[in-house]
Amino acid sequence: MPELPEVETVRRGIESRVVGRRISHVEVGRERSVRRVGKEAVIHGLLGATLVSARRRGKYILCDLDTGEQLMIHLRMSGRVLVEKAGTKRPPHTHVVLTLAERDGVIEEMWFVDPRTFGEVVVFDPAHTAEVLPELARLGVDPIVDEFNADVLARALRGRRGALKPLLLNQHVVAGIGNIYADEILHLAGLRWNRTVDSLSRKKINELATHISEVLTQAIEAGGSTLQDTQYVDIEGNVGSFQENHRVYGREGQGCITCGKVSIRRVIVAGRSTSYCPRCQK
DNA sequence: AACTGTCCCTGCAAGC
DNA sequence: TGCTTGCAGGGACAGT
């Protein structure tokens, strides 16, 4: 499922393949994908526009357009962005198609594909960001885009109650971590999902900050994680490889890579499947 | 204010 | 074999 590393990989793909291209045609096949502002705003806002940048904040991709408006793409659970030559057979659930004006004799299309339709494509005036995308202002620190270290993490966690894993999943605390990377980070940090913030020594916070940066950076380098359902692929259709480095996620019942002594256990925390080593994570 | 549980949706795998 | 059921989960929202 797309979390920060997968979204960053898609962002880089958009940056290299779509930024600088003028949009000559727009198709919206399923209105649910554009539910926030509606079909007309998306078509009218994108037609004739050129993407001038592709940024990311948490799991949100934000592109500036030369018209002054912005394009936001959120993949949620099953969203994919693909670029293919015009005329290529589109996969099922291709809900938004942007035709990119001819270049070097080739016409390409950017597809937004999303079987489960949780994802979104939004076009909006940045002057109205607070009304259209109020959640953007509430996003916490992005460990890759923003300056991120133990002090920043300590500040983000200050005053927070409850278990550590739900806090890592809370986009208002740290933006971009989802279920897979939360489990991977906690295993590397030797911390169990139910630890509370006030039980963490300064040394543990330092380690946690280091592991957040490390795991996300390494996962970006690996092109993200593609699970068995192979939902996630990058803009060229390639799978990621970080799943080969997963230490706990999806390894229930298998031996812990760190201690080799006990099996990875799985419980449900905050409605999410959670894998951990009962020996290495305290 | 900040926490937890429910819902949205489809594809896939397990079980009868 | 072919159906039903459960599971996957990001984030908004309602309820506490």
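Please read all numbers here as calculations on a predicted model, not as lab measurements. The chains referred to below are lettered A, B, ... by the order of the sequence lines, with proteins before strands, and numbering in each begins at 1.
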*asked:* Can you give me the closest heavy-atom contact between A:Leu169 and A:Gln171, atom names plus distance?
replied: O-NE2, 2.9 Å
*Between A:His95 and A:Thr117: side-chain donor-acceptor atoms closer than 3.5 Å*: no
*Can you check the A:Arg35 CZ to B:dC9 C1' distance for me, whole Å?*
10 Å
*Figure out the NZ/C1' separation between A:Lys59 and C:dG10, and round it to whole Å.*
6 Å
*What class does the angle between the rings of A:Phe242 and A:Tyr181 fall in, given that below 30° is parallel, 30 to 60° is tilted and above 60° is perpendicular?*
tilted
*Distance below 4.0 Å between A:Arg161 side-chain N/O and B:dA1 OP1 or OP2*: no
*With a non-hydrogen cut-off below 4.0 angstrom, is A:Arg158 in contact with a base, only sugar-phosphate, or nothing?*
nothing
*Atom-pair distance (CD on A:Gln243; P on C:dA8), nearest Å*: 18 Å
*What nucleic acid atoms does A:Arg30 come within less than 4.0 Å of, heavy atoms only: base, sugar-phosphate, or nothing?*
sugar-phosphate
*For atom CD of A:Glu252 and atom C1' of B:dA13, their distance in whole Å*: 15 Å
*Return the value, rounded to whole Å, for the distance between atom CD1 of A:Ile177 and atom P of C:dG9.*
16 Å
*asked:* If you compare all heavy atoms of A:Glu120 against all heavy atoms of A:Val122, which two are closest, and at what distance to 0.1 Å?
replied: OE1-CG2, 3.9 Å
*Figure out the CE/P separation between A:Met77 and C:dC7, and round it to whole Å.*
15 Å
*asked:* Check this for me: A:His172, atom NE2, are more than 12 non-hydrogen atoms of other residues, nucleotides or ligands nearer than 6.0 Å?
replied: yes
_Atom pair distance, as rounded to whole Å: CD in A:Glu120 and C1' in C:dG11_ = 9 Å
*Between C:dG11 (P) and A:Leu136 (CG): distance, integer Å*: 11 Å
*asked:* Nearest heavy atom decides the nucleotide; on that basis, is A:His93 or A:Asn170 closer to the 5' end of DNA chain B?
replied: A:Asn170
_What's the closest nucleotide to the side chain of A:Arg76 if the choices are C:dG10, B:dC3, B:dT10?_
C:dG10
*With sugar-phosphate meaning primed atoms plus P, OP1 and OP2, does A:Ser273 contact a base, only sugar-phosphate, or nothing at under 4.0 Å between heavy atoms?*
sugar-phosphate
*Taking only side-chain nitrogens and oxygens of A:Tyr249, does any of them come within less than 4.0 Å of OP1 or OP2 of C:dG9?*
yes
*Could you check A:Arg266 against A:Leu139 and say which one's nearest nucleotide on DNA chain C is further toward the 5' end?*
A:Arg266
*On DNA chain B, nearest-nucleotide positions of A:Arg272 versus A:Gly162: which is more 5'?*
A:Gly162
*asked:* Please confirm whether the shortest side-chain N or O distance from A:His172 to OP1 or OP2 of C:dG11 is below 4.0 Å.
replied: no
*Looking only at N and O atoms, is any donor in the side chain of A:Arg116 or the base of C:dG9 less than 3.5 Å from an acceptor on the other one?*
yes
